[in-house]
Amino acid sequence: MTDGTMTAASARSRVRWPTIRLDWIAAWLLGVLWILPLAYAFWAAFHPSEFVTRFEPFAPLTLDNFREAWTYAPFARYFLNTFLLVTGLLAAQFVLCTLAGFAFARFTFAGHQVAFALVLMQLMITPEVLIVENYATMAGLGLVDSIPAIALPYAASAFGIFLLRQTFKTVPRELEDAARIEGCSWLGVLWRVYVPLARPVYLAYGLVSVSHHWNNFLWPLVITNSVETRPLTVGLAIFAAPESGVNWAVLSAGTLMSVAPLLVAFLLFQRQFVQSFMQAGIK
Amino acid sequence: MTPRMANVYGWLLLMPAAILLIAFTHWPTVATLISSVYSPGTPVRPARFIGLDNYRLLVDDPVFIQAALNNLWFAIGTVVPSIALAILMAIWVNENIPGRGLLRLAYFTPTILPMVAAANIWLFFYTPDIGLIDQVLALFGSSGRNWLGDPDLVLPSLIVMTIWKEAGFFMIFYLAALQSIPPELREAAMLEGASRWSFFWKVTFPLLMPTTLFVLVNALLNSFKLVDHLFILTKGGPNNASNLLLYYIYETAFSFFDTSYAATITMVLLVLLALLALAKFWLFEKRVHYQ
C-alpha cells in the first residue's frame, strides 16, 4: 500500500496533474457528513436533554442519560444475552465449518459437488428469509425463547464453510503428507496442520461473525419474548419504541451503550476489522 | 486413501453441518412451499390443500404489490448510489489524502453499527420540525417536512439512511481491488498525459468490474433482506408506503397470524433471491475464478 502511494506521489512531482485536488475537500465534506449521525448521538447522549437540539459549545456535560437508560431497561441482562449468543455461536461455527470445510477441501467423496452446491444455497437463502418456518421448527423443538434458538439457524454457516474450504485448499499437500508419515490421524492433521495455517482466516471470520450477530435483529426479535433471552438489538428496539416514552437524550445514551463494545473494539482493531471484512468478501 | 474411505470420512466430517443446514435452510424452504398451498390449519379446521389459491390472493393483494414495488425501488435506490459512492470513497482513501486513516474511519464506521441503532439516530434527523434536517432547512428559510409521515418522502428517506449505512462497507471491497491494480499502470497513463478522469473510465473502472459485479449482486440480495430499520422508523407506514417484502412477511405471520399466506409471500422472496443467486453464479463462473 505504502509503496503504491509513494510511487504515485513521486510520479506526481514529475508530471503535473491538470487538476488541483479540489475533490479532496469534497472527500472531507463527505467524511464529516458520514460521521455526523454518530457525532450527533454523542452530543445528545452527553448533554442534558434541553440541549438535544440546541448546539451551544459550552453546554454542560452529563452522564445522567446513561444512568437513566441503564436503570430504565435491563441493559446488563441484554449485554449478557448478546455476549452468550455471539460467543456460543462463534464456537459452534468454528467447529462445524472447520469439519465441513475440511471435508470439501480434501475429500472427494461421492456427491461432494451436489453437497457443496446445497451448502452454498444458504448464502442466498439466509435464515432471515425463513423466519416463519424456522419459528415453527423451534416451536416443535420446544426451543422458542431461548438463546440456542437464536443461534442454531446460523451455526452451520455456508460462508464459513466456503471460506475455510478455500483456505484449506491452499495448504500444500506436502505438509499434510509429512504429518501423515509422522503418524498423524486425519483429525490430527486437521488440528495440527490446517487449523494453525488458517489462523488469520479464523480471526477474519470471527470478527465478521461477531459483528454480524451483535447487530442481528429480525430473527432474534421473532424467536425471543423475554428479558432473559433478548439480545441487545431487540432490547434496544423495545427501549426505543414510542410507548416507552424515553426522551431523545436517554435514547441516544441507550443506543451508544449498545454499540459501544463493538465500536470500541473496532476503533482499537480497525485494521483487523477492515481487513477481515475485505478478506471475507474477496476470496 | 481408497474412495470408500474418502466417502466415509467426507460425509462424517460434513454431517454435523449438514444436519443443521437441512434443518434450518433446506427443510424450511420445502416446508414454505408446502405451507403455501395449504390453508392455515386451526384446531377445529385442519389444514387442507388449496392449490394456488394463496398465489391468486397475492396477485390481487394491493399491499403485496406495493411492498414488492417498494422493494424494487428500495433496491435500485440504495444499490446504485451506494456503489457510486463506494468507488469514490475508495479512490479517495487509496490516495495519500491528508488524514486518510480518519477519513476511512469516518466512511466505514456506519457499517459497524446495528441497523436498529442507526435507525434510532436517524429518527432524530427525520423528526418533523425539531429534527436535525428540518432545523437545517429552517436556516435556509425552508419549511419542515414530515419525512417519515409523507408517503412520497418516506421511501427516499429510508434509502438515504441505507446508503449511509452501506456505502462504507462496499468501499472496502473497492479499496482492496484498487490496491491490487499495479501502480505502473497509473504511471504509464500519467506519462501518456491521461487525465485522472479518463484514467478512471478507461483503466480503473474496467479493472474494478469484477468487484462491481460482486458488490452489485450482494447489495441487491441485501436490499431484500434488510428490514430492521422499518421496525424503528416506520413500521411499513404510512399506509404501507414503506412496506418491504420481508417486513410484510413478518407482519402477516406474526401480527396477522396467517402463516400460510406468509409462506406464499416467502416463496416470492425465495424465487427472487434464487434468481439473483443464479445471476451471481453465472457471472462469477464467467469472470472470477474461485478455485
Side-chain angles (χ1 to χ4, degrees), chain A residues 1 4-5 7-9 11 15 18-19 24 27 31 34-35 37-38 41 53 96 99-100 102-103 107-110 112 115 119 121-122 124-130 132-134 152-153 155-156 161 186 211 215 217-218 233 236-237 240 248 251 255 258-259 262-263 266 274 277-278 281-282, chain B residues 6-7 9-11 13-14 16-17 20-21 24-25 28-29 31-32 92 96-97 103 105-110 112-117 120-122 124 130 132 135 172-173 176 179 183 186-187 190-191 195-196 221 225 227-228 231-232 249-250 253-254 259 262-263 266 269-270 273-274 277:
Chain A
M1 191 163 82
T5 50
T7 3
V15 187
T19 47
W24 281 355
W34 239 242
I35 209 66
L38 201 61
T53 53
L96 291 171
L99 296 179
F102 187 51
F107 297 86
T108 35
F109 52 92
H112 71 279
V119 167
M121 256 182 79
Q122 200 215 32
M124 57 155 171
I125 306 177
T126 50
E128 288 86 78
V129 186
L130 298 165
V132 182
E133 292 303 328
N134 276 344
L152 269 176
I161 295 172
W186 276 108
S211 42
N215 296 344
F217 176 71
L218 183 59
T233 44
L236 184 63
W248 289 139
L251 181 52
T255 304
S258 317
V259 301
L262 207 57
L263 204 60
F266 168 64
V274 172
F277 279 106
M278 264 200 236
I282 287 288
Chain B
N7 276 341
Y9 276 119
W11 280 105
L13 287 166
L14 186 57
L20 284 174
L21 274 169
F24 297 108
T25 299
T29 305
T32 302
W92 277 330
N96 50 351
I97 182 168
L103 198 58
L105 185 69
Y107 291 153
F108 189 74
T109 304
I112 292 292
L113 305 177
M115 199 61 173
V116 176
N120 276 347
I121 298 172
W122 279 73
F124 297 122
I130 59 161
L132 210 59
Q135 292 214 9
I172 61 169
F173 299 109
Q179 285 170 1
R186 197 188 170 85
E187 283 172 53
M190 284 190 289
L191 290 171
S195 69
R196 277 168 54 80
L221 282 169
K225 295 180 206 160
V227 294
D228 299 359
F231 287 87
I232 302 285
I249 292 172
Y250 169 85
F254 299 104
T259 49
T266 307
L269 193 53
L270 286 175
L273 295 181

Please work out which of the three classes, parallel, tilted or perpendicular, describes the rings of [Y] and [X], given edges at 30° and 60°.
X      : Y      : result
A/F109 : A/H112 : perpendicular
A/W34  : B/Y107 : perpendicular
B/F124 : A/W248 : perpendicular
A/F102 : A/F107 : perpendicular

[X] versus chain B, heavy atoms under 4.5 Å apart: side chain, backbone, both or neither?
X      : result
A/F217 : both
A/T233 : both
A/L251 : side chain
A/P127 : neither

Shorter than 4.5 Å, heavy atoms on both sides: which option in [options] has the most such pairs with chain A?
options                       : result
B/F231, B/F254, B/F24         : B/F24
B/T259, B/L103, B/T29, B/L20  : B/L103
B/V227, B/T32, B/I249         : B/T32
B/L270, B/T266, B/T25         : B/T25
B/I97, B/L113, B/L105, B/L273 : B/I97

Between A/A27, A/G31, A/P153, A/A103, which shows the greatest number of heavy-atom pairs under 4.5 Å with chain B?
-> A/A27
Max heavy-atom pairs within cutoff under 4.5 Å with chain B, candidates A/N134, A/T108, A/I35, A/L96, goes to A/N134
Looking at [X] and [Y], what are the two nearest heavy atoms and their distance?
X      : Y      : value
A/A240 : B/I232 : CB-CD1, 4.3 Å
B/L21  : A/A156 : CD2-O, 3.5 Å
A/L218 : A/E128 : CD2-O, 4.1 Å
A/I125 : A/L130 : CG2-CD1, 3.5 Å

Contact origin within [X] toward chain A - heavy atom pairs under 4.5 Å:
X      : value
B/I121 : side chain
B/P16  : both
B/A117 : both

A/N215 side-chain N/O to B/I112 backbone N/O, donor-acceptor pair under 3.5 Å | yes
